[in-house]
Amino acid sequence: MADNKMSTRDLRAFFHKVEALHGVTLGFAGNRVTAIIGPSGCGKSTLVRCLNRMHEVVPGAACTGQVLLDGEDIYAPAIDPVQVRRRVGMVFQKPTPFPTMSIEDNVAAGLKLNGIAVSRAERDRMVEESLRRAALWDEVKDRLKRPGASLSGGQQQRLCVARALAVEPEVLLMDEPCSALDPISTARIEELLLELKENFTIIIVTHNMQQAARCSDFTAFLYAGDLIEFGETKQIFTTPARRETEDYITGRFG
Amino acid sequence: MDNSLPQHTNRQYEEELRGLRSGLLKMGGVVERQIADAIESLVERNTGQARETLERDAEVNRMDTEMDERCIRLLALHQPAASDLRFITTGLKITTDLERIGDNAVNICERAIELNEEPQLKPYIDIPRMAEIAQTMVKDSLDAFMRDDTTLAQEVIERDDEVDRLNYQIYRELLSYMAEDPQTIPRATRILFVSKYLERIADHATNIAEMVVYMVKGSTIRHMEKKKA
């Protein structure tokens, strides 16, 4: 596909000698939400962690094959993994704000960690813009100096989204971003996804299939380290082509 | 829902899906009998039977409500996907078609009661033939539903042409009666209505057959010029 923001080619991931992904070739369309679904242990998280070079951080972990970002292999020798992670941001399962840091410092933390020096005014502008994009600004604008941990779980998760957005990534990886959230916070994140895709390419791992069905444009079904089926979400959820996909999304014994 | 698929991990869900399937088949059985009894009451000029059949429509209506509730419950509680979703939405539509067929059987009974009060206009020949085809179409469309049989569904769809042809034939015949003797108009128009009700029953059976094709293949063949499964 010509308009893929990211793609993988024969991506294999290993933990020591165990192969967790068996050659995944997949494209992620730009300014679209792609959901990755599959049972626990199928390699969903490993796949997204390969997309911003987080996988190799785990001792004994490695991968082969290619991961292309705008056509360029992010595993090429000349590429700085820190730069990759700035362009490909990530939000995790549980909200992970820096608990003692203030709300605004949490958002600005990425700038500091990436060695981006900005003026005070510029920093304030980026904090506000990121919080607005994460649909959190109105709730926290009067208490930016309060600690990140003072927020509710759903707010904390949106704070993490704001922090990821502050460094202006191009792709946002979300690994089960709503699994620790209540239904209202979940709905807010889902609504946020639809807004964010105007400016970002989003890849979301989820166990909640209805969430994948609601929020994503494309869905990839992974099973035991293999990509079983990839297609438009509405097709996957109404008329999947593969029997394994059918069994999984309808909740049958495999 | 393909019978050959493995069972759902959630047993309750599996049971509810089975319950919907058997409930729809049972409803279909009652509706088939309603058509047969309605036509018999007309042909045999049995007003008592017509009244009994009329009253049994309440049973069809009760089943319609029950099937709707089952479908809505399944949709609300289990967020079905793929073949399950197609099965349940098909069920939701089939129950409406069956209920309408039941209503058409009631209409036939009403016309039979009126016709039985006057001397018979002519022996019924095409009406029972048409009724038999329509009734078989209903039965086969439900068999196709039960067995995921798109070939049978396609046959049902094709048989609709024969019913339309008979409907037109009856119309032309009755028109000649009415032209010859205006005294026959009240009876002839009632028979014409019966013919139209049967034609509608066949249309509902066709709808069910088309939904079976959607349920099995996921492709819509309704509202197409040339219906191909």
Side-chain angles (χ1 to χ4, degrees), chain A residues 33-42 44 176 178-179 181-184 186-187 190 204-224 227-254, chain B residues 1-21 70-94 144-145 147-150 153 210-224 228-229:
Chain A
V33 178
T34 301
I36 302 172
I37 60 169
S40 294
C42 72
K44 303 182 294 290
E176 291 269 4
C178 300
S179 61
L181 304 185
D182 71 18
I184 294 172
T186 299
E190 289 180 4
I204 177 171
V205 169
T206 178
H207 271 301
N208 179 338
M209 279 176 294
Q210 294 311 312
Q211 180 168 66
R214 281 190 299 267
C215 318
S216 69
D217 301 293
F218 297 95
T219 297
F221 172 55
L222 244 60
Y223 184 72
L227 174 67
I228 304 295
E229 187 167 352
F230 173 78
E232 279 191 52
T233 297
K234 67 178 179 196
Q235 177 253 316
I236 297 279
F237 281 89
T238 56
T239 51
R242 294 284 300 265
R243 171 63 178 272
E244 295 94 327
T245 316
E246 172 84 36
D247 285 352
Y248 183 68
I249 64 171
T250 58
R252 290 181 163 85
F253 288 123
Chain B
M1 191 178 57
D2 185 341
N3 284 325
S4 64
L5 286 171
Q7 295 208 341
H8 292 85
T9 309
N10 182 337
R11 294 282 172 84
Q12 172 80 16
Y13 184 31
E14 182 77 23
E15 283 305 308
E16 285 181 32
L17 286 169
R18 283 171 195 276
L20 174 61
R21 177 184 293 267
R70 279 175 190 255
C71 292
I72 289 164
R73 187 184 147 83
L74 277 160
L75 290 170
L77 299 190
H78 299 286
Q79 289 89 41
S83 62
D84 293 336
L85 179 63
R86 300 201 303 272
F87 169 69
I88 295 163
T89 49
T90 297
L92 209 47
K93 293 188 133 192
I94 284 183
F145 171 67
R147 302 201 301 252
D148 290 336
D149 187 342
T150 54
E210 287 168 346
M211 283 306 294
V212 169
V213 174
Y214 164 74
M215 179 181 80
V216 177
K217 297 193 170 178
S219 56
T220 300
I221 59 163
R222 287 173 297 147
H223 316 304
M224 288 183 179
K228 269 274 165 257

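Model, not experiment: these values are computed from the prediction.
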Applying ring-ring contact (aromatic ring centres under 6.0 Å, His included) to Y214(B) and not counting sequence neighbours gives none

Exercise for review: Please determine, among P80(B), A81(B), A82(B), the option with the most heavy-atom pairs under 4.5 Å with chain A.
Suggested key: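 Ranked by heavy-atom pairs under 4.5 Å with chain A, first place is A82(B).
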
Among residues 234-241 of chain A, those lying within the under-4.5 Å heavy-atom range of chain B are F237(A), T238(A), T239(A), P240(A)

Residues passing the side chain to side chain contact (heavy atoms under 4.5 Å, CB included) test with L74(B), sequence neighbours excluded, are Y13(B), E16(B), L17(B), L20(B), H78(B), I88(B)

Sequence neighbours excluded, the answer for side chain to side chain contact (heavy atoms under 4.5 Å, CB included) partners of I72(B) is none

Are N208(A) and Q79(B) side-chain neighbours, meaning at least one heavy-atom pair lies under 4.5 Å? no

One should read off an interatomic distance between H8(B) NE2 and D247(A) CG, to the nearest 0.5 angstrom, of 9.0 Å

Worksheet item: When you measure from the side chain of E246(A) to the backbone N and O of S83(B), does any donor-acceptor pair fall under 3.5 Å?
Response: yes

